[in-house]
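Here is the naming used below: chain letters follow the sequence lines, and residue numbers restart at 1 for every chain. When reading the values below, keep in mind they use all heavy atoms of this one structure, side chains included, and skip hydrogens, waters and symmetry mates.
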Amino acid sequence: MKIASWNVNSLKVRLPHLQQWLGEAAPDIIALQETKLTDDKFPVDEIAAMGYRVAYSGQKTYNGVAILARGELGDVVTDIEGLDDPQRRILAATVGDIRVINLYVVNGKALGDEKYAYKLHWLAKVRDFIAGEMAKHPKLVVLGDFNICRDDRDVYDAAAWGEDIFCSPPERAALQAILDTGLHDSFRLFSDEAGLFSWWDYRQAAFRRNMGLRIDLILISDALKAVATSSIIDKGPRKWEQPSDHAPVALELNL
DNA sequence: ATGGTAGACCTTCTA
């Protein structure tokens with residue numbers, strides 16, 4: 001069983017890359033972020049032709065999340081208690097006995113910005129939702145673009161970045177509160193190395209210089225940790241023509 | 001201090 005996540009930065013532009021990667025990586029489940037498509041424009045037929053069923057929650061221009069799966073998607077949730085939010089950033093679905101929560105966490109822009117306050121409020125409400133899901137589903141995976149670096153190993157120049165956006169103590173505390181519901185950062189079960197990133201800015205040749213961040217995470221409950229066999233970042237697609245600024249991340253389970 | 005690039009929209013916003 002392979003479960004993946006990828007911020008595609010426009011599914012319209014990146015559909016060929018998604019098709020390519022599905023063909024070579026063959027995940028059983030993949031969560032997508034920043035589809036940037038209204039639901040009427042979602043490429044359902046192209047996805048079905050690849051052998052996947054799909055749930056999606058999109059909007060015009062910004063945000064948008066989707067879950068593709070080999071199996072049936074049940075109990076789909078797009079809105080959570082306490083968050084009356086037109087921004088399409090949350091999608092939960094059940095595949096077999098695995099509960100999947102796909103998140104496109106608010107960027108936050110800068111400390112002190114109103115978007116930063118929205119980010120922290122959003123994260124608090126999402127934590128409460130996850131805690132409720134954890135109580136119902138032993139096999140829980142929470143994955144997506146978190147727009148937070150857990151610790152300094154996840155930042156290309158941590159000293160220069162300091163406690164700026166993505167690394168501020170309140171953001172890190174909010175991520176820790178999500179982990180404290182009973183989740184594990186699957187990537188760190190297999191590597192404690194610094195400098196392994198999932199996102200590189202399009203500017204300043206950042207990818208070539210490995211000036212990146214690890215902000216795309218796959219968090220798993222105890223029951224899934226017990227059967228996890230690998231958790232990787234696939235930098236391959238970031239080298240392709242006209243790439244997303246994010247690389248896909250993938251978890252393998254002995255299921 | 002600012003800009004660099006990319007995507008989508010409508011020439012600016014978001015990342």
**Q** Determine the Euclidean distance between corresponding P atoms of B:dA6 and B:dT11; express it in Å to zero decimal places.
**A** 22 Å
**Q** Using the salt bridge (Lys or Arg N to Asp or Glu O under 4.0 Å) criterion, which residues pair with A:Asp245? Sequence neighbours excluded.
**A** none
**Q** Mind checking if A:Lys109 touches a base, just sugar-phosphate, or nothing, with heavy atoms under 4.0 Å?
**A** nothing
**Q** Which ring pair (Phe, Tyr, Trp, His ring centres under 6.0 Å) pairs, counting each pair once, include a residue from residues 203-236 of chain A, with sequence neighbours left out?
**A** A:Trp200-A:Phe207
**Q** Can you tell me how far P in B:dC9 sits from the matching atom in B:dA1, rounded to whole Å?
**A** 35 Å
**Q** Assigning hydrophobic clusters by single linkage (Ile, Leu, Val, Met, Phe, Trp, Tyr; side-chain heavy-atom cutoff under 4.5 Å), is A:Leu123 placed with A:Tyr104?
**A** no
**Q** In whole angstrom, give me the gap between the C1' atoms of B:dT2 and B:dC10.
**A** 26 Å
**Q** Who passes salt bridge (Lys or Arg N to Asp or Glu O under 4.0 Å) against A:Asp39, sequence neighbours left out?
**A** none
**Q** For a quick check, with a 4.0 angstrom heavy-atom cut-off, what is the B/S/- contact string for nucleotides 2-9 of chain B, read 5' to 3'?
**A** -BBBSSSS
**Q** Whole Å only: how far is the CD atom of A:Gln87 from the P atom of B:dC13?
**A** 15 Å
**Q** Could you tell me which residues satisfy side-chain hydrogen bond (donor to acceptor under 3.5 Å, both in side chains) with A:Asp128, sequence neighbours excluded, listed by chain and number?
**A** none
**Q** Quick check on the hydrophobic clustering: are A:Val142 and A:Leu68 connected, directly or via other members, by side-chain heavy-atom contacts under 4.5 Å?
**A** no
**Q** How far, in whole Å, is B:dG3 from B:dC13 if one measures between their P atoms?
**A** 15 Å
**Q** For A:Tyr104 and B:dT14, give me the distance from atom OH to atom P, rounded to whole Å.
**A** 11 Å
**Q** Taking only residues two or more places apart in sequence, or in another chain, which ones meet A:Tyr156 in a side-chain hydrogen bond (donor to acceptor under 3.5 Å, both in side chains)?
**A** none
**Q** Show every ring pair (Phe, Tyr, Trp, His ring centres under 6.0 Å) that has at least one partner inside residues 12-55 of chain A, sequence neighbours left out.
**A** A:Trp6-A:Trp21, A:His17-A:Trp240, A:Phe42-A:Tyr56
**Q** Measure the distance from CG on A:Leu213 to C1' on B:dA15 and round it to the nearest whole Å.
**A** 12 Å
**Q** What pairs of residues pass the ring pair (Phe, Tyr, Trp, His ring centres under 6.0 Å) test when at least one of them lies in residues 127-147 of chain A, not counting sequence neighbours?
**A** none
**Q** Remember a base hit wins even if backbone is also touched, and classify A:Arg89 as base, sugar-phosphate or nothing at under 4.0 Å, heavy atoms.
**A** sugar-phosphate
**Q** Short of 4.0 Å, heavy atom to strand atom, which residues of residues 155-173 of chain A count as contacting DNA chain B?
**A** none
